[in-house]
There are 2 protein chains.
Amino acid sequence: MLEAKKLERVVPIGGLSDRTGVKVETIRYYEQVGLLPPPERSEGNQRRYGRRHVERLAFIKHARDLGFPVEGIRTLLRLSDNPAMACDEAHAIAVSHLDEVRDKIAKLRSLETELARIAVTCSGGVKACDCAIIEALADHGQCGHGH
Amino acid sequence: MLEAKKLERVVPIGGLSDRTGVKVETIRYYEQVGLLPPPERSEGNQRRYGRRHVERLAFIKHARDLGFPVEGIRTLLRLSDNPAMACDEAHAIAVSHLDEVRDKIAKLRSLETELARIAVTCSGGVKACDCAIIEALADHGQCGHGH
DNA sequence: GTACAATCTGGAGTGACTAGAGGTTCAAGA
DNA sequence: TCTTGAACCTCTAGTCACTCCAGATTGTAC
């Protein structure tokens, strides 16, 4: 058992960073906020990570890439550590987040439309023109707030 | 002249907030970072805003609603105060921002696709199932980083 | 052994707000 | 005119998810 543990490949934080694509500083941050458990240390107090940390961090990164907030990931990790629990909660988290992403897409498309309208009215390059972009931004009728 | 100025309708910060939809605290913030010039004050040191401030803040709000960063808005405001300047810069700012918005939409749609895939594999509600969401997040093949 | 890159901790910054504490002013109503 | 409560003030610090920097130590290749 100890022998098996002794032979496990452990890496310093840079090695974990290389394996997961997560920055060194971000790894330390995740440890600080409790997403990643503190690893064992070398005699010189340097972090040494084994396979389980690699897997945990990969999970975290995948979830971050999908836009889950840190607190949501904390919940997902807890569920991950208790596979016998109902997956209602994981599903609720994912669906809620999916809704947020869809809302955001809708909003951004609306922004895109207006930005494209604004940008196209001023092709640029003409000195001393009255800038249509500035005028569009000053146009209260387009600012989405009733006056 | 002084008489005309005396008769201009001025409002306290709450009035400006009501007229523009921008929060009181956010108005103070914009003054602090220099987007909004400091207004005149009452004898009791309360801010008093006239029409020009209302217009300036409406401009800022419109630009923020479109997602322009504060520094970009600072530039747009400078251009707005100098209408004789070439509008190359305003155009460049708008187009650059439009590109960012388009990039973001593309990324979010990709996220939506994967989230929808993940969420649909676990309809939830079945106790003691192996949660497909957790497994999907743990699946290195899907995390966008080569191992 | 030497040198340099990697690692450590602690503190603070980023961007755009947002909240709270404790004190003052203002305006409406009695 | 007086009272009261909302609006206002400044200052400080928090939010979220990182990110950066300084100064010191460790580790590894040559």
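Predicted model, so just to flag it, every value in this text is computed and none were measured. A, B, ... follow the sequence lines: proteins, then strands. Residue 1 opens every chain.
With rounding to whole Å, A:Glu31 atom CD is found 12 Å from C:dG10 atom P. D:dA17 atom P lies 10 Å from atom CZ of A:Arg74, rounded to whole Å. If you take CD1 of B:Ile27 and P of D:dA7, they are 14 Å apart, rounded to a whole angstrom. Atom pair A:Phe68:CZ and D:dC18:P shows a separation of 14 Å (rounding to whole Å applied). Put simply, CD on A:Gln32 is 12 Å from P on D:dC18, counting in whole angstrom units. For the pair B:Glu43 CD and D:dC9 P, the computed distance is 15 Å after rounding to whole Å. D:dA7 atom P lies 15 Å from atom CG of B:Leu16, rounded to whole Å. Atom C1' of nucleotide D:dC18 and atom CD1 of A:Ile60 are separated by 14 Å, given to the nearest angstrom.
What you find for A:Leu66 and B:Leu137 is that their closest heavy atoms are CD1-CD2, 3.7 Å.
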Pair B:Lys61-B:Asp65, salt bridge (Lys or Arg N to Asp or Glu O under 4.0 Å): steps then yes or no: CA-CA 6 Å; B:Lys61 182 168 194 305; B:Asp65 286 346; 3.0 Å; yes

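Residues A:Val70 and B:Gly15 both approach DNA chain D. Their nearest nucleotides, taken by heavy-atom distance, put B:Gly15 toward the 5′ side.
The side chain of B:Lys23 places an N or O atom within less than 4.0 Å of a non-bridging phosphate oxygen (OP1 or OP2) of C:dA19. Contact between the side-chain N/O atoms of B:Thr26 and the OP1/OP2 oxygens of C:dA16 is not found at any separation under 4.0 Å. For A:Arg47, no side-chain nitrogen or oxygen approaches OP1 or OP2 of C:dA6 to under 4.0 Å. Side-chain nitrogen and oxygen atoms of A:Ser42 include none within less than 4.0 Å of the OP1 or OP2 phosphate oxygen of D:dT26. For A:Arg41 and C:dT9, the shortest distance from a side-chain N or O to OP1 or OP2 is below 4.0 Å.
Closest to the side chain of B:Gln46, out of C:dC17, D:dC8, C:dT7, is D:dC8. Listed nucleotides C:dC17, C:dT9, D:dC9 differ in distance to B:Ile13; the shortest reach to its side chain belongs to D:dC9. If you check C:dT9, D:dC8, D:dT19 against the side chain of B:Pro12, the one that comes closest is D:dC8. You'll find that the side chain of B:Asn45 is closest to D:dC9, out of C:dC17, D:dC9, D:dT19. Distances from the side chain of A:Glu25 to the nucleotides D:dC20, C:dT7, C:dA19 place D:dC20 closest. Checking C:dA16, C:dT7, D:dA17 against every side-chain atom of B:Tyr29, the shortest atom distance belongs to C:dA16.
Looking only at distances, a side-chain donor or acceptor of B:Ser17 sits under 3.5 Å from a matching main-chain atom of B:Val22.
Look at A:Glu71 and A:Arg74 and you find a salt bridge, because one of the NZ, NE, NH1 or NH2 atoms lies within 4.0 Å of a carboxylate O, short of that distance. Ion pair A:Glu31/A:Arg47 flagged as a salt bridge, since at least one NZ, NE, NH1 or NH2 atom sits closer than 4.0 Å to an Asp/Glu carboxylate oxygen.
Heavy atoms of B:Tyr30 sit under 4.0 angstrom from primed sugar atoms or phosphate atoms, though from no base atom. Within 4.0 Å of A:Arg28, counting heavy atoms only, lies at least one base atom of the nucleic acid.
A heavy-atom distance below 4.5 Å is found between the side chains of A:Arg64 and A:Tyr30.
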